[in-house]
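Naming: A, B, ... by sequence-line order, numbering from 1 per chain.
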Amino acid sequence: MIDLKALENNFDEIAAKLQKKKVDSALLEALKEQALKLKAQKAVLESLQAEQNAKSKLFPLYQKEGKDITALKKELAQNKQNIAKEQESLRELESDLQKIALNVPNIPDADVPAGDEEEDNVEIKKVLDIPEFSFPPKEHWDFEALDFIDFERGVKLSKSRFSVLKHQAARLERALINYMLDFNRERGFEEVSVPYIVNRDSLLATGQLPKFEDDLFKIEGEELFLIPTAEVPLTNLYRDEIVPSEQLPIMMTAFTACFRKEAGSAGRDTRGMIRQHQFGKVELVAITKPEESDAIFDKMVTCASDLLTSLGLPHRQVMLCGGDLGFGAAKTIDLEVWLPGQNRYREISSVSNTRDFQARRAQIRYKEEKKNRLVHTLNGSSLAVGRCLIAIIENYQQADGSVAVPQVLKPYLQ
RNA sequence: AGAGAGGUGGCCGAGUGGUCGAAGGCGCUCGCCUGGAACGCGGGUAUAGGGCAACCUAUCGAGGGUUCGAAUCCCUUCCUCUCUGCCA
């Protein structure tokens, strides 16, 4: 959630910044109006409550002195009705405000490039050269002889966009997960194992709800959802907590399966396992003091990029433009891995700084100078495991149709 | 899943309708004491919002209700513990 007090005080500045994310300033105007109305309404209610409280305290005194209390009682019964009425309108104002506020995206950083779509993203750097092949490289689904991926049976078990890994691919996936977790742990990210099912509050806190419920798998009959990313459980570990400042920064890594309905992606990447309803991902999450979140952000980007480099996978770093930025992100750098079969770079990791956007929703704070301040939260895929597997298959394919194994994974495949 | 017990401040724990935001203790912290420390003594020690401030409002798991007034009574719900059942 954006800071409503800041919106009140620096309206023009915030409205201008949110232009990058295509947020209508009329909506922001309405939000500000609503916030002011709410404040005024609160003042009205509170003075009535103050009166009620003060006069209620007279009863014991009256009774002690043997005074008549019927008139006072009547007056307060009346006042009570007024309070109920004002409370009702306050509640309405509050829920209206929430409805707007929870749907306003985070404010992009100053250095986020302007632009509406993917083409406007800015390449920061390329790492490793694109490999040359002496033969036309195949796409990852063209390795029938090796029987790596069974798309048909995945569909039989579940539905489209599900698949089954077999033989060396299944082992490679597990090797990758272990390798990634070890890699991250060596760089200071502590390994955590978290639930794959979370409640509404958790998804509200990280920003997937209320806006993106259509993208989530919901457990029927319960207010529970399958996680779309480990960012949700990891960040929510500290929801409604005041973290001792000496514990900061908290840096975590976890492997989880992720579940997404891909509601808006009909027809895209229907072939292969680029876009699945279920995929494995090793995630990085950091909780930091505001002043150190930029440094941690760089660290996370470097960690993910170095991981790809260590696997010998050519990739590039791309700074997302305002229009392509996610709902909760102030700034995002995507890592795109080279897929020879597709002859293009594809997203394999995404590192975001949400600043205090999630922290405000989640009420994650730390104590400084006796005051509680909101932390910054950051998240990033260490790597999407499925896409990484694809990248290895395509980049390490040999002329004879076999696939080599990256050197660093060999110890994990013994 | 069934039966019972319970959820109070950083922690322990008192409080069953009226100056209770909450006794007491522990912890922490400031001051005194000391060469320094322990002990001892005195003070402070939740969060959010509003107000220049005095101060006001809300919060005793959450939500609703009764009442002039609720931590205390009623309802709903979540969670924890114990026993029984089931289960990887």
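Under the Watson-Crick or G-U wobble criterion, with both distances below 3.5 Å, B:C41 is paired with B:G31. Figure legend. B:G10 is base-paired to B:C26; pairs are counted as Watson-Crick or G-U wobble with both atom distances under 3.5 Å. Using the Watson-Crick or G-U wobble rule with both distances under 3.5 Å, B:U57 pairs with B:A48. Using Watson-Crick or G-U wobble geometry with both donor-acceptor distances under 3.5 Å, B:A70 finds no partner in any strand shown. With a 3.5 Å ceiling on both atom-pair distances, B:C20 lacks any Watson-Crick or G-U wobble partner. A 3.5 Å limit on both hydrogen-bonding distances identifies B:G2 as the Watson-Crick or G-U partner of B:C83.
By the side-chain contact (heavy atoms from CB on, under 4.5 Å) test, A:E241 is found to be paired with A:Y238, residues two or more places apart in sequence or in another chain being considered. In this structure, the side-chain contact (heavy atoms from CB on, under 4.5 Å) partners of A:E139, at least two apart in sequence or on a different chain, are A:W141, A:D142, A:Q342, A:E394. In this structure A:K17 satisfies the side-chain contact (heavy atoms from CB on, under 4.5 Å) test together with A:E13, A:I107, sequence neighbours excluded. Remark: A:D150 engages A:E152, A:R153, A:V164, A:K166 in a side-chain contact (heavy atoms from CB on, under 4.5 Å) (not counting sequence neighbours).
Rounded to whole Å, atom P of B:G51 lies 11 Å from atom NZ of A:K42. Straight-line distance from the CD atom of A:E94 to the C1' atom of B:G50: 14 Å, rounded to whole Å. As a whole-Å value, the separation of A:E8 CD from B:G50 C1' is 12 Å.
The C1' atoms of B:A71 and B:A14 are separated by 12 Å, rounded to the nearest whole Å. A distance of about 41 Å separates the P atoms of B:C75 and B:G27, rounded to the whole Å. One P atom belongs to B:A3, the other to B:U76, and the distance between them is 13 Å to the nearest Å.
A:D201 has no carboxylate O lying under 4.0 Å from a charged side-chain N of A:R361, or vice versa, which leaves the two without a salt bridge. Salt bridge A:E291/A:K289: absent, no basic N to carboxylate O contact under 4.0 Å.
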Exercise. For nucleotides 58-79 of chain B, just jot down a letter per nucleotide in 5' to 3' order: B, S or -, based on protein non-hydrogen atoms under 4.0 Å.
Key: S-----S--BBS----------

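Backbone-only engagement by A:A50 is indicated by non-hydrogen atom pairs under 4.0 Å involving sugar-phosphate atoms exclusively.
A donor-acceptor contact closer than 3.5 angstrom links the side chains of A:D334 and A:S350.
For RNA chain B, none of the residues of residues 232-250 of chain A falls under the heavy-atom distance limit of 4.0 Å.
Residue A:E246 qualifies as enclosed at atom CD: its count of foreign heavy atoms under 6.0 Å is above 12. Around CZ of A:R200, the count of heavy atoms belonging to other residues, nucleotides or ligands within 6.0 Å exceeds 12.
Between A:R365 and B:A48 there is a side-chain polar atom (N or O) within less than 4.0 angstrom of OP1 or OP2. Residue A:K367 places at least one side-chain N or O under 4.0 Å from the OP1 or OP2 atom of B:U47.
The salt bridge (Lys or Arg N to Asp or Glu O under 4.0 Å) test with A:K331 is passed by exactly one of A:D111, A:D324, A:D298: A:D111.
If you find the closest nucleotide of RNA chain B to A:N372 and to A:L61, the one lying nearer the 5' end belongs to A:L61.
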